[in-house]
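For reference, the structure is listed below as structure tokens.
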Number of protein chains: 2
Amino acid sequence: MLSPSPSEPQTPSPRRQAVLGAVLALMVEEGDQLTMDAVARRASCSKETLYKWFGDRDGLLTATVQWQAAQVRADRYDGQALDVASLRESLEAFAATWLSVIASETSVALNRIAIGHAAARKSNLGGIVLSNGRFAIGERLKPVLEAGRAAGLLAFEDSEEAFRTFFGLVGRDIQIRLLLGDALGLDEAAIAGEAERAVAQFLALHGRAPSNP
Amino acid sequence: MLSPSPSEPQTPSPRRQAVLGAVLALMVEEGDQLTMDAVARRASCSKETLYKWFGDRDGLLTATVQWQAAQVRADRYDGQALDVASLRESLEAFAATWLSVIASETSVALNRIAIGHAAARKSNLGGIVLSNGRFAIGERLKPVLEAGRAAGLLAFEDSEEAFRTFFGLVGRDIQIRLLLGDALGLDEAAIAGEAERAVAQFLALHGRAPSNP
DNA sequence: TAGAAGCCGAACCGTACGGTACGGTACGGA
DNA sequence: TCCGTACCGTACCGTACGGTTCGGCTTCTA
């Protein structure tokens, strides 16, 4: 693990959010070589303001990543999955949400930038993305899995390990292909299909339903 | 899919290989912000030569990626897996090799750079890495899977889909974590363990051995 | 109505880096 | 012995970009 989830800076002012939104849009369009000039132009603000508000380029990027990460983890699945149907439903919803996140242009752009920074050992965008992505979702899913186990519907020893398997079954080669620029068109229906398949496989491995005594 | 496997340029001269090796080393150390100056210094050659040989910075990077990719796909598993034990063994060897590749510093550095280029929509490093990594390994593994199916040991409809599941079970969250700078220390033993676990899960899903009628 | 604060836009500075030019050396062939 | 080729090392050029400065406009407060 890289960084313990970073201290949440309270939501920025609307004006700042507009700036961060501009950064995000530019990230999607231009990748990491977005310039401070471009940001200022896009956000109709002066570079001076950017530097006053965010310190330097890295600060701006970090703020953007944190802000966007906060957007994502909105919904919450309280995991009282009592029967296998509702458990399956929860898991599928989880998988579908997660897939549509990692398939979104924003997520791809963000991850690319964070990876670039990890390469340069600059700042800690990688850690931020990781703790708001992979680890955050793990912490959200584990209670569901544990509830499933408590209800006798799932069998596993380590919920972290079970989650990693779930992660692999859902994501497969999708994220790396998107990051590398492969344009696999994942529409809503495809995502639903993937989610269903992944959950079926996960239940085949860890399920304990009547059909899997 | 991005690019049909690129036309293989025959192995470069030893001198050029030395240069490419220097680039590779610098990629690992510095990430994408390796400079032409640094390469020239490291390889004890003049920048003029670099430009004469490789055209421009992009050409140098591309040549390096292609060269390194050629190194990787050396071994070959001819998949006459007759019994379940040898099939399992083949799959485990496959998984372990693949894991040690994606966990290597070189692979991480290369993927990071290719991802950066995909972000900038420059050149096609992403396509090259993809077709020499993810797709190349797919083409190598599928015959094994199909042999297993022919021998009645595996059950699946689409070998591409089966491979993707295998890929997910093996890689799980490892590659993305490494790319983002998470330092999960994967030693030989851990890799072997991961490979064994992944294959066991894969066989649980697609196996047809006596234990899984 | 004067001042202060916050911000925009534009000009500016320094530097890093891609790419080029050039002098100097080693070597192989006539 | 002389020339051509290939290369190294270094100096150089142009530009892009991070960061700073400054003049002027608006808004708020007294």
Side-chain angles (χ1 to χ4, degrees), chain A residues 9-65 109 112-114 116-117 119-125, chain B residues 9-65 109 112-114 116-117 119-125:
Chain A
Q10 74 286 12
T11 3
S13 77
R15 183 70 183 104
R16 296 196 185 200
Q17 292 199 37
V19 173
L20 297 179
V23 177
L24 212 49
L26 283 172
M27 280 180 175
V28 171
E29 292 169 26
E30 315 257 342
D32 194 11
Q33 93 293 34
L34 65 93
T35 67
M36 297 301 276
D37 255 311
V39 172
R41 227 174 308 122
R42 176 74 148 250
S44 294
C45 73
S46 72
K47 285 208 283 175
E48 187 179 26
T49 306
L50 292 183
Y51 285 102
K52 174 144 45 176
W53 285 354
F54 303 102
D56 58 5
R57 187 172 182 275
D58 239 51
L60 177 59
L61 261 38
T62 306
T64 306
V65 169
R112 281 176 176 160
I113 289 179
H117 277 234
R121 292 184 252 303
K122 282 190 305 190
S123 65
N124 192 22
L125 293 190
Chain B
Q10 73 288 9
T11 4
S13 76
R15 183 72 183 99
R16 295 196 185 201
Q17 292 200 35
V19 172
L20 297 179
V23 177
L24 212 50
L26 283 171
M27 280 181 175
V28 171
E29 292 167 25
E30 315 258 340
D32 195 10
Q33 92 294 31
L34 64 93
T35 68
M36 296 300 276
D37 254 312
V39 171
R41 227 173 310 121
R42 177 73 149 249
S44 295
C45 71
S46 72
K47 284 210 283 174
E48 192 178 20
T49 305
L50 292 183
Y51 285 103
K52 174 145 46 173
W53 285 355
F54 303 103
D56 58 4
R57 187 171 182 276
D58 239 50
L60 178 59
L61 261 39
T62 306
T64 305
V65 169
R112 280 175 175 160
I113 289 179
H117 278 233
R121 291 184 255 300
K122 282 189 305 188
S123 66
N124 192 20
L125 293 190

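Letters A, B, ... are given to chains in the order of the sequence lines, protein chains preceding strands, and every chain is numbered from 1.
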Which of the following nucleotides, [options], is nearest to the side chain of [X]?
| X | options | result |
| --- | --- | --- |
| B/Thr49 | D/dC8, D/dG18, C/dG18 | D/dC8 |
| A/Ser44 | D/dC17, C/dG9, C/dG18 | C/dG9 |
| B/Arg15 | D/dC8, D/dG18, C/dG18 | D/dC8 |

[atom1] of [X] versus [atom2] of [N]: gap in Å, rounded?
| X | N | atom1 | atom2 | value |
| --- | --- | --- | --- | --- |
| A/Glu48 | D/dC25 | CD | P | 16 Å |
| A/Met36 | C/dA10 | CE | P | 17 Å |
| A/Trp53 | C/dA5 | CH2 | C1' | 14 Å |
| A/Lys47 | C/dG9 | NZ | P | 13 Å |
| A/Lys52 | D/dT21 | NZ | P | 12 Å |
| B/Asp37 | C/dT15 | CG | C1' | 14 Å |
| A/Leu34 | D/dA16 | CG | C1' | 14 Å |
| B/Asp58 | C/dG19 | CG | C1' | 14 Å |

Which residue lies more 5' along DNA chain D, comparing A/Tyr51 with B/Ser46 via nearest heavy atoms: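 With A/Tyr51 and B/Ser46 compared, the 5'-side residue is B/Ser46.
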Measure the [atom1]-[atom2] distance between [X] and [Y] for me, rounded to the nearest 0.5 Å.
| X | Y | atom1 | atom2 | answer |
| --- | --- | --- | --- | --- |
| B/Lys47 | B/Asp37 | NZ | CG | 4.5 Å |
| A/Leu24 | A/Gln17 | CG | CD | 11.5 Å |
| B/Lys52 | B/Ser46 | NZ | OG | 8.0 Å |

Under 3.5 Å donor-acceptor, B/Arg121 side chain and A/Glu29 backbone: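 Side chain of B/Arg121 to backbone of A/Glu29: a pair is present.
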